[in-house]
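Notes follow once the structure below has been shown.
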Amino acid sequence: MNATANAATSSAPAYIAGERVLVRQVDSPGHIRTPHYIRGKTGTIERFVGFFKNPEELAYGRSGQPVRALYRVRFVQSQVWPDYAGAAGDTLDIDLYEHWLRPEASR
Amino acid sequence: MLARVTLTLAGTFANIEPDYRSRKSGTQPYPMQGYHDLGGAAAGPVPKEEHELQLWEKRVEALLVMLTRRKILRVDENRRGLESLGGEVYHSLNYAERRILAISNNLILKGVISVEALAAKMAEIGERKDPLP
């Protein structure tokens, strides 16, 4: 996968660093890369990583097109795990595809 | 292991439900949650003993590298193969066993090898005095 080459064929990413996003709460079949524990949680876009072929399509031998925007999204650990025992400021970064995110306001 | 692969290829692992037994009590298992999606599951101590790779296990990795470089198999397809073995089969096999089983199923699915040819080769190897030199 070549993020730079793919970017030329794509529109601009929908989110920028610092925006608050909600991970879609969907229990779907298929080759999903979004872990269940993070669905329905709210995080902050840490960075736009690039455009990549969609692994949900590649997994079944298809082209993976159109490419999808991938973001590194930062979550506060204590908001992810109700019984989190670590430091209050601990965070967790997860790479998530744009079609799994919604603006926080849509909650 | 070879016998187990033969059994699996014969289609005996149908209808295995996702395994939620290791999930932390109180967490809600989702119907579509795969056995590979373990975040939040209860976990004991991490086993730290080293496992020295056997020659055949190294060959499995070499085979996978060759298949992906020649664009016969994508890493995403291999992951899907691993995640669709069924929890019971997946957890009963070691790392390399899972991978060669997923590779075999994918190559059959893609028409690269046939069940008959693979079964015949495995039977032939099973006859050898030293199956894995």
Side-chain angles (χ1 to χ4, degrees), chain A residues 1-3 5-6 23-41 43 50-68 70 72-86 90-97 99-100, chain B residues 14-44 64-65 67-87 90 98-99 101-113:
Chain A
M1 284 188 282
N2 185 323
N6 288 338
V23 184
R24 292 175 60 210
Q25 176 92 58
V26 178
D27 187 31
S28 166
H31 189 70
I32 309 299
R33 302 295 86 191
T34 304
H36 264 82
Y37 69 82
I38 211 66
R39 300 183 197 178
K41 308 288 186 189
F51 286 101
F52 294 92
K53 291 176 182 174
N54 184 357
E56 297 172 6
E57 293 287 314
L58 291 174
Y60 296 93
R62 296 195 285 262
S63 71
Q65 302 286 352
V67 293
R68 305 288 181 135
L70 183 70
R72 188 153 304 155
V73 186
R74 184 160 293 172
F75 300 87
V76 177
Q77 286 280 41
S78 59
Q79 292 173 8
V80 176
W81 311 105
D83 53 353
Y84 187 71
D90 284 356
T91 57
L92 169 70
D93 286 4
I94 310 183
D95 284 357
L96 297 168
Y97 284 92
H99 61 284
W100 275 91
Chain B
N15 301 322
I16 293 173
E17 295 296 320
D19 183 3
Y20 296 118
R21 283 173 299 184
S22 63
R23 195 150 295 277
K24 196 192 308 184
S25 63
T27 60
Q28 183 67 42
Y30 296 91
M32 303 293 170
Q33 186 165 357
Y35 50 87
H36 61 281
D37 189 358
L38 290 171
L64 193 54
V65 169
L67 290 170
T68 52
R69 285 200 184 157
R70 295 193 183 181
K71 302 189 186 307
I72 296 168
L73 189 65
R74 279 191 172 274
V75 66
D76 310 88
E77 293 173 299
N78 190 55
R79 289 193 186 122
R80 178 185 47 73
L82 290 163
E83 294 167 17
S84 54
L85 294 173
Y90 183 91
R98 293 166 186 167
R99 288 166 86 79
L101 184 52
I103 290 168
S104 303
N105 286 337
N106 259 318
L107 293 182
I108 291 166
L109 183 68
K110 291 168 144 296
V112 177
I113 56 173

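Letters A, B, ... mirror the listed sequences (proteins, then strands); counts begin at 1. Both backbone and side-chain heavy atoms feed into the values below; hydrogens, waters and symmetry mates do not.
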> Looking only at atom types and distance, does a side-chain atom of B:R80 sit under 3.5 Å from a main-chain N or O of A:A59, one as donor and one as acceptor?
Replying inline: yes
> Rounded to the nearest 0.5 Å, what separation is found between the NZ atom of A:K53 and the CZ atom of B:R74?
Replying inline: 4.5 Å
>> Tell me which of these, A:H31, A:E56, A:H36, has more heavy-atom pairs under 4.5 Å with chain B than the rest.
In response: A:H36
> Taking only residues two or more places apart in sequence or in another chain, which ones pass ring pair (Phe, Tyr, Trp, His ring centres under 6.0 Å) with A:F75?
Replying inline: none
> Are any of the side-chain heavy atoms of B:M32 and A:P29 separated by less than 4.5 Å?
Replying inline: yes
> At their closest point, which heavy atom of A:D27 faces which heavy atom of B:P31, and how far apart are they?
Replying inline: OD2-CD, 3.0 Å
> Closest heavy-atom contact between A:T34 and B:D37?
Replying inline: O-OD2, 4.4 Å
>> If I compare all heavy atoms of B:E83 with all of A:R33, which pair ends up nearest, and what's the gap?
In response: OE1-NH2, 2.5 Å
